[in-house]
Amino acid sequence: MKMIHMTCPDHPEATLEGYLLDCEIAFGQHADRPAVIVCPGGGYVYCSPREGEPVALRYAAKGFHAFVLRYSTGFDAKEFAPWKEISWAIGLLREHAAEWHIAPQKIVTCGFSAGGHVAFAAGLMGENKPNAMVLNYPAVQLPNLPGVDYMIKLLTGKDTATDEDSQYVSLLNHVTKEAPPVFLAATAEDFLTNFGALPVAQKYASLGLGYELHIF
């Protein structure tokens, strides 16, 4: 295994750490592997350690090249910086696909809570889109309510969140027939389930898109 560490050129506070697996078969031949970019949760205030490296290592154990994106949080998240950073990370993997033995059309984003929001935004609105997404208790819809509006303020960089801002960052409004396949997981007692996993599954079903939903 080889480890790499990259810094986002436009947002130096954001980093991408990767675990590249050995891809040599024999006689100088190499096999390209799928890759996953893990986006930890943390309400756009911080990146949760337990949803970063431990998750990436589990993916690595299953044969993925695994990366952790520690995207901009707090006031550094303004102007939708995390959304730009995940797009940068996907583009970087495709740029180095031959060197790192990555299958360029098998790149997955995996996110938790606010990280699920980042991972989902990549597939719906990013310049560089993943080929599939894994969303765990994702914060998909962000109503303009006390507490939730703080995340909207961090993303927009505004002192006051508007209903228009809420509609824009509520990613369910951006799901189209071009959305990549998605795997969704949540728990029945988590209030985010009603604002995330379930509505996404319903929207995907209505559009005839590929999805899988697990409610625990």
Side-chain angles (χ1 to χ4, degrees), residues 1-8 14-42 46-71 73 82 85-123 126 128-139 180-188 190 192-193 196-197 200-201 210-216:
M1 180 184 290
K2 175 184 177 182
M3 291 190 64
I4 63 170
H5 181 93
M6 309 288 285
T7 299
C8 183
T15 62
L16 183 71
E17 294 180 351
Y19 304 86
L20 299 176
L21 302 181
D22 183 6
C23 291
E24 187 171 352
I25 303 173
F27 305 109
Q29 294 178 316
H30 292 81
D32 292 339
R33 295 179 183 270
V36 61
I37 301 174
V38 178
C39 303
Y46 76 114
C47 287
S48 171
R50 69 177 183 176
E51 294 167 345
E53 184 179 69
V55 178
L57 292 177
R58 288 295 296 271
Y59 270 103
K62 295 296 184 180
F64 283 74
H65 293 308
F67 298 80
V68 178
L69 177 66
R70 292 183 172 83
Y71 51 88
T73 55
E85 291 155 7
I86 184 66
S87 180
W88 161 77
I90 295 168
L92 185 72
L93 265 58
R94 292 205 173 109
E95 179 184 346
H96 291 273
E99 175 188 355
W100 295 344
H101 300 293
I102 293 172
Q105 299 308 314
K106 292 184 178 180
I107 295 176
V108 181
T109 55
C110 170
F112 299 79
S113 193
H117 195 247
V118 177
F120 199 26
N128 300 303
K129 293 180 170 58
N131 302 102
M133 301 167 293
V134 177
L135 309 181
N136 305 282
Y137 41 93
V182 65
F183 177 97
L184 300 151
T187 58
D190 186 352
L192 281 179
T193 298
V200 171
Y211 76 95
E212 186 168 334
L213 170 66
H214 292 250
I215 303 292
F216 298 96

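Sequential numbering from 1 along the given sequence is applied to the chain's residues. The shown structure was predicted, so the numbers you read here are calculated from the model rather than taken from an experiment.
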When you measure from the side chain of [X] to the backbone of [Y], do you find a donor-acceptor pair of N or O atoms at a distance under 3.5 Å?
X: Tyr59; Y: Ala35; answer: no
X: His65; Y: His101; answer: yes
X: Asn131; Y: Lys106; answer: yes
X: Thr187; Y: Phe216; answer: no
X: Asp22; Y: Met1; answer: no

From Ile90, Leu69, Val38, residue fulfilling side-chain contact (heavy atoms from CB on, under 4.5 Å) relative to Thr109
Ile90
Going from [atom1] on [X] to [atom2] on [Y], what distance comes out if it is rounded to the nearest 0.5 angstrom?
X: Phe183; Y: Cys110; atom1: CZ; atom2: SG; result: 9.5 Å
X: Leu16; Y: Leu93; atom1: CG; atom2: CG; result: 6.5 Å
X: Leu92; Y: Ile37; atom1: CG; atom2: CD1; result: 8.5 Å
X: Phe120; Y: Leu184; atom1: CZ; atom2: CG; result: 7.5 Å
X: Thr7; Y: Glu85; atom1: OG1; atom2: CD; result: 11.0 Å
X: Met6; Y: Thr15; atom1: CE; atom2: OG1; result: 11.0 Å

Does Arg94 have more than 12 heavy atoms from other residues, nucleotides or ligands lying within 6.0 Å of its CZ?
yes
Give a yes or no on this: more than 12 heavy atoms of other residues, nucleotides or ligands lie within 6.0 Å of atom CZ of Phe64.
yes
Could you report the tightest heavy-atom contact between [X] and [Y], atom names first, then the distance?
X: Gly63; Y: Pro34; answer: O-CD, 4.1 Å
X: Ser113; Y: Gly41; answer: CB-CA, 4.4 Å
X: Asp32; Y: Ala103; answer: CB-N, 3.8 Å
X: Ala56; Y: Ala66; answer: O-CB, 3.1 Å
X: Ala186; Y: Ala197; answer: CB-CB, 3.9 Å
X: Pro49; Y: Tyr46; answer: CD-CE1, 4.2 Å

Are [X] and [Y] packed together at the side-chain level, in the sense that at least one heavy-atom pair is separated by less than 4.5 angstrom?
X: Val108; Y: Pro130; result: no
X: Val118; Y: Phe112; result: no
X: Leu57; Y: Tyr19; result: yes
X: Ile86; Y: Cys39; result: yes

